[in-house]
2 protein chains.
Amino acid sequence: MRIAEVSKKYNLTEDTIRYYEKIGLIPRVPRTKSGIRDFDDESCRWIEFIKCMRNSGMTIEVLTEYINLYKQGDKTIEARKKLLIEQKEKLLSKQEEIANTIKRLEYKIEIYNEIAKGERKDFLKEP
Amino acid sequence: MRIAEVSKKYNLTEDTIRYYEKIGLIPRVPRTKSGIRDFDDESCRWIEFIKCMRNSGMTIEVLTEYINLYKQGDKTIEARKKLLIEQKEKLLSKQEEIANTIKRLEYKIEIYNEIAKGERKDFLKEP
DNA sequence: TATTGACTTAAAGTTAACTCTAAGTGATAA
DNA sequence: TTATCACTTAGAGTTAACTTTAAGTCAATA
């Protein structure tokens, strides 16, 4: 699989994919004899994994650390697990924060609805 | 209330608060005769609101748009409501994405646990 | 055979969101 | 009254995460 195809498949620009490889965010992608990237299944799975984690806000720094541990083999399994647990905790906090913000927005939207229906004359004291 | 106090109260640097005011992310804060910011209740509520929204990932661009609408008065109430609804939708998507990532991390962590307990010999095919 | 187009690299540029610096003012403590 | 300290401003600098550019290679098509 060439980079163009992978780019479409995961909706990431070719530049971003090359960039991810360059900084070690995904393991080195195999090349053809003429030096062109030839993505195999494993490369694709890494890209999909990184994309998922990045989209949830995990930093490149943390993810490259994870890849570096992976490259060092099975002796880093505990360290990798620890890293994943920490990141999961972070996502849980974030999830809570977002849930609260959504509630707050819903409340504000409700007030706007009441105003629209004329049920509220005490015009909006923002915020 | 002076900026130092507000900074502690909301855990934002003084620079960030001044920056937020400068770019119009919060309405202009009242000053003493000698020109020093004197935060009243409303200013504080704006800061708290903006902090909450920023922490959930809402962009400065969207938030300044909201403040600008607010400054134009009641005729922008519908527009403000629309903006909030859009942002709420975005947060809902984000929430879902994060929930999926958390599940994925939990699955991976579980596999690491099985490996640790020796229940799995097929050593980890990442990712 | 010449040219097109997808690929390569290294390195410079961009964007969002701060963060810091420099130069200056005004009120209070020694 | 002098010096300290919290504040002011405008503007330059930083960081993370891309994104673009420039210069070049290679394989397939006109």
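In what follows, chains are A, B, ... by sequence order, proteins preceding strands, each numbered from 1.
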Should we count CD of B/Glu61 as having more than 12 external heavy atoms under 6.0 Å?
no
May I ask you to check whether over 12 heavy atoms, not counting those of A/Lys71, lie within 6.0 Å of atom NZ?
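Count over threshold, so yes.
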Specify the residue among A/Arg2 and B/Glu5 whose closest nucleotide of DNA chain D lies further upstream toward the 5′ end.
B/Glu5
Will you find, in the side chains of A/Tyr66 and B/Glu126, an N or O donor that is under 3.5 Å from an N or O acceptor?
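Result is yes, a qualifying pair exists.
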Would you say A/Arg37 reaches C/dT9's phosphate, i.e. side-chain N/O to OP1/OP2 under 4.0 Å?
yes
Heavy-atom contact window of chain A on DNA chain D, given 5' to 3' at under 4.0 Å
D/dA17 to D/dA27
Closest non-hydrogen atoms of B/Ile60 and B/Ile23, given as atom of the first, atom of the second and distance, are CG2-CD1, 3.5 Å
Do you know which of A/Phe39, A/Tyr70, A/Tyr20 makes ring pair (Phe, Tyr, Trp, His ring centres under 6.0 Å) with A/Trp46?
A/Tyr70
When you check the gap from the basic side-chain N to the acidic O, do A/Lys90 and A/Glu86 get nearer than 4.0 Å?
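No, A/Lys90 and A/Glu86 are not salt-bridged.
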Is there a residue in residues 49-61 of chain A whose heavy atoms reach under 4.0 Å of DNA chain C, and which residues are they?
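Heavy-atom contacts with DNA chain C come from no residue of residues 49-61 of chain A; none.
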So if I take residues 15-26 of chain A and measure heavy-atom distances to DNA chain C, which residues fall below 4.0 Å?
A/Arg18, A/Lys22
Name all residues meeting the salt bridge (Lys or Arg N to Asp or Glu O under 4.0 Å) criterion together with A/Glu89; count only those two or more places apart in sequence or in a different chain, and write none if there are none.
none
What pairs of donor and acceptor atoms, side-chain ones from residues 3-12 of chain A against any protein atom, are under 3.5 angstrom apart with sequence neighbours left out?
{"from": "A/Ser7", "atom 1": "OG", "to": "A/Leu12", "atom 2": "O", "distance (Å)": "2.7"}

Give the intermediate values and the outcome of salt bridge (Lys or Arg N to Asp or Glu O under 4.0 Å) for residues B/Lys117 and B/Glu110.
CA-CA 11 Å; B/Lys117 280 193 279 176; B/Glu110 183 48 33; 5.5 Å; no
Can you tell me which residue pairs pass the salt bridge (Lys or Arg N to Asp or Glu O under 4.0 Å) test with a partner in residues 42-51 of chain B, sequence neighbours excluded?
A/Arg104-B/Glu48, B/Asp41-B/Arg45
Expressed as a whole number of angstroms, how long is the span from B/Ile36:CD1 to C/dG24:P?
18 Å
